[in-house]
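Predicted model, so just to flag it, every value in this text is computed and none were measured.
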Amino acid sequence: MAATRAFAPAQLTYWSNNVQGLNSPEKRAHLHRRLWSAKASVVFLQETHLKGGDAPKLENRRFPLGFYANHPDTKKAGVAILFAHSVPFQTTQALADPNGRYLFLRGTIADHEYTFACLYGPNRKQHTFIRQALAKLEKFRGGLLIVAGDLNMP
């Protein structure tokens, strides 16, 4: 009988990118090739430009678990967090911005509690957005906090 290898949280590798839209199958395939070659285990994507409920999903056999925050009516903004097949993430709570500007996930990986946050700031009034998003994140968070994103500011 083969022994199962336990997952160690130190094995997590994070990858964050502003993808500038993922509506074409070619861009999604290129993204997955880049993620695989980077050996990413947790992926934070900003500016996905996927629209509400009819958006294509980004999960595949290498990244079977994905969470999304998309604008409901237009192909603008949008964030996503993907988990590689090797990451045993169990979600306990999620908070998604209805306009696709942030996504917060809380859950466990190998009995360790994590909060993952993906932010995509607007082009104007970035400080207001950051203040409001971080206030919500402070109330939401639990365990180790991992924040990634594009704040659209230097």
Shared hydrophobic cluster for Leu65 and Ile146 (ILVMFWY, side-chain gaps under 4.5 Å):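 Shared cluster, yes.
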Measure across [X] and [Y] and return the closest heavy-atom pair with its distance rounded to 0.1 Å.
{"X": "Leu105", "Y": "Ala94", "answer": "CD2-CB, 3.7 Å"}
{"X": "Arg141", "Y": "Arg106", "answer": "O-NH1, 3.5 Å"}
{"X": "Ala133", "Y": "Phe104", "answer": "O-CZ, 3.6 Å"}

Remaining members of the apolar cluster that contains Trp36, side-chain heavy atoms under 4.5 Å: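 None; Trp36 is a cluster of one.
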Partner residues of Ala148 under the side-chain contact (heavy atoms from CB on, under 4.5 Å) criterion, sequence neighbours left out: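 If we apply the side-chain contact (heavy atoms from CB on, under 4.5 Å) test to Ala148, skipping adjacent residues, the hits are Ser16, Phe44.
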With Ala80 via side-chain contact (heavy atoms from CB on, under 4.5 Å) - residues at least two apart: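 Leu45, Thr48, Leu58, Tyr68.
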Kindly list each side-chain donor-acceptor pair under 3.5 angstrom involving residues 115-124, sequence neighbours excluded, with atom names and distances?
residue, atom, partner, partner atom, Å
Thr115, OG1, Gly142, N, 2.8
Thr115, OG1, Gly142, O, 2.7
Tyr120, OH, Glu47, OE1, 3.4
Asn123, OD1, Asn152, ND2, 3.2

Set of side-chain hydrogen bond (donor to acceptor under 3.5 Å, both in side chains) partners for Lys27, sequence neighbours left out: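 So Lys27 forms no side-chain hydrogen bond (donor to acceptor under 3.5 Å, both in side chains) with any residue.
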With sequence neighbours excluded, residues passing side-chain hydrogen bond (donor to acceptor under 3.5 Å, both in side chains) with Asp150: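 Asp150 satisfies side-chain hydrogen bond (donor to acceptor under 3.5 Å, both in side chains) with Asn18 only.
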Interatomic distance, Arg131 atom CZ to Thr128 atom OG1 [nearest 0.5 angstrom]: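 Arg131 CZ to Thr128 OG1: 4.5 Å, rounded to 0.5 Å.
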Side-chain touch Thr108/Tyr114, heavy atoms, less than 4.5 angstrom: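 No, too far: nothing below the 4.5 Å cut-off.
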